[in-house]
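A short write-up of the structure that comes next.
Please read all numbers here as calculations on a predicted model, not as lab measurements. Residue numbers start from 1 in every chain, and the chains themselves are labelled A, B, ... in the order their sequence lines are given, proteins ahead of strands.
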Amino acid sequence: MFKIITSYAFRNLMRTRLRTFFTLFSVALIILLYSVLTSVGSSFSEQISNVLGDQNIDIAVQAKHATNPSTSIIDEHIFKEISSLDGVKAVHSLLIGNRRLQGDKLVVILGVSNFNTFAQRLGFALSKGRAIVSGAKELVIGEKAAKVYGLDVGDQIGFGDDQQYSIVGIYSSWLSFLNSGLISDLESVQSLISRPGKASLLFVQLENSSDTPKMTEKINRQFPDMNAIQSQQLPDHLGPIKSVFYFTDIVSVMTLFIAGAVLLNTFIMAISERTKELGVLSAIGWPRQMIVMVFFVESLILSLTGSILGYFASFGVFPILQNHFSSVVMFLPNAPTLPVFFNVLLMSVVIGLLSTLFPALYGTNIQVSKAIRHE
Amino acid sequence: MSKLVEISGLTKVYDEGLVQGVSGINLVLESGNIYALMGTSGCGKSTLLNLIGTLDIPSQGEILYEGKRLNEMESISKFRREFMGFVFQFHHLIPVLTLQENVESALLPNRQVSSKERQNRALSLLNDMGVGHRAKAFARQISGGERQRGAIARALIHHPKLLLADEPTGNVDSKTAMLILEKLRAHIKTTSGAILIATHDPNVADIADVIIEMEDGKIVSIINKMAITESDNSSSLEDFNSHMRVTLFD
């Protein structure tokens, strides 16, 4: 039975080849957009989670009212006070800012309190040159930034006001956004972005990780202007990530609605054209659910094929995005992530079924004698 | 002969009573008979066929199928696929299915029939109808006569007790028409069912056992030819009159 129904459904789609092609094309395009957006969001979240989760960072501290880490300002005295709390093993500072490179493009610049610690924690490794020496006006540059701006070890970068820095190393990181940035010591970056004695984030390492919830609560109580978060939960609290999540969520829902509308429109037309056939099938004893199933199979063929095409087409889009936008959007992944694929499949099934349900039920609800007379 | 369908006071109106489809129909369809439903276009033949076939809902009146009301059935679709077969005036085959798949489609919802048996039955019927060689052709690729024979095979594949046919010979040549009528007659013999044929075709009237004439949505006469034949051999005019079931309704 299923063989004939599938074959019938497939041939129905082939009746109106042009319409089927454009529906498929639209669904694929929408799913491509969905794949790109959700991959960007989930990839960034994954990158941050990996850094924080695997590297023994127990608590992250950010200024309470900061919308994102680059607007978070934490004073030095807070660093010192948290460092002196019982049970705290070490506190590391990270300052995030932007500077125009050679008076031209805006780049991300990170100031780190301890290069080796952050190299390990932020997952970057020197591919050329050496590590920076604090206070020596040195910096290391990400592979992508070096390539884009044509810079190499030994080159000088000028930030104006006599602020000349030497490039002493080139690093690569599996955190793709870091590859487009610069890293120097904390004091240098504080000076470069005019935030002396400040940090954006503090990473607190505890003597005993099991004390993390208690210590988080203690820091929040003792420093009401700060927002201490257990590291595992940080991606959900970081402003830009939250914004990315909201943005991708909203656009994803919109794209799914659009895909649903495309399919709905296709099936309203199909059912209108095939009303007589539906009447004949009812007359010869096909139960309603069997007729609806034909439309479901048609819809699944369209939505699943469109989704798979869209997902794989998005592999071709990421290199283009990387080439043109990686210096602007710092967390672009190299390819759509695998969970997105399963998400796409699930969504396409749901959309396919939902968008066909209404027209199919409507089409099979017409009085059989009227349906057979339908022209 | 058993009563397959009993109709009493059947009325169908359209457009809130402005259009009368059929009115006050009383009729009994018995097994083993071919009924020819005759009358001018628009007299209500197709409406009556649709009502008996459960394709339309009566405005008034009642139809009993082997003594049961429709609402006593397990499901209408099951009832249709087990009890009834339909032959439409314009065949109404599904154009994207092959002739064989079209014939099989009437058995498709019946899970008790294996796909092998379904295929065998379909092919056998198509061969019987003289279109076995066109089994793999799509409905859109074959002639009108072949389509109509395919449509009849589709209506017979599940051995229905009641076959409803709307002008089955209306769009075919006389040779095909005769073949179709032969097959229908043969079907009656094997299933002991009944066939109700809405038609203008005098050939159909010739093979029918009972001729039902309709006018303006009403049955104006029912002529039972079997009764006439039996009465021809009887001795008196009274016998003839008592067997000849001519009913006139005003």
Going by atom types only, do B:H200 and B:E167 share a side-chain donor-acceptor pair under 3.5 Å?
yes
Checking B:F88 against chain A: side chain, backbone, both or neither under 4.5 Å from a heavy atom?
side chain
Proximal component of B:E104, with respect to chain A [non-hydrogen, under 4.5 Å]:
side chain
In plain terms, say whether A:R11 and B:E101 are close enough for a salt bridge, that is, a side-chain N and a carboxylate O under 4.0 Å apart.
yes
When you compare the side chains of B:T169 and B:D201, does any donor N or O come within less than 3.5 Å of an acceptor on the partner?
yes
Should A:R274 and A:E298 count as an ion pair when the cut-off is N to O under 4.0 Å?
yes
With a 4.5 angstrom heavy-atom cut-off, could you sort out which part of A:I372 is near chain B: side chain, backbone, both or neither?
both
Angle class for the B:F83/B:F79 ring planes (parallel below 30°, perpendicular above 60°, tilted otherwise)?
parallel
Among A:S7, A:S282, A:A283, which has the most heavy-atom pairs under 4.5 Å with chain B?
A:A283
So, are B:K3 and B:E66 salt-bridged, with charged N and O less than 4.0 Å apart?
no
Go through B:A155, B:G85, B:S77, B:G53 and name the one with the most non-hydrogen pairs under 4.5 angstrom from chain A.
B:S77
Let me know if B:D56 has heavy atoms under 4.5 Å from chain A in its side chain, its backbone, both or neither.
both
Answer whether the closest heavy-atom distance between the side chains of A:L345 and A:F341 falls below 4.5 Å.
yes
Highest number of heavy-atom pairs under 4.5 Å with chain A among B:L97, B:I94, B:T54, B:N50 belongs to B:I94
For the pair B:R69 and B:E72, find out whether any cationic side-chain nitrogen is under 4.0 Å from an anionic carboxylate oxygen.
yes
Atom group of A:K276 that falls short of 4.5 Å from chain B, counting heavy atoms:
side chain
So which part of B:S115 gets closer than 4.5 Å to some heavy atom of chain A, the side chain, the backbone, both or neither?
neither
Between chain A and each of B:K78, B:R80, B:R154, count heavy-atom pairs under 4.5 Å; write down the option with the most.
B:R80
Contact class of B:I57 relative to chain A, heavy atoms under 4.5 angstrom:
both
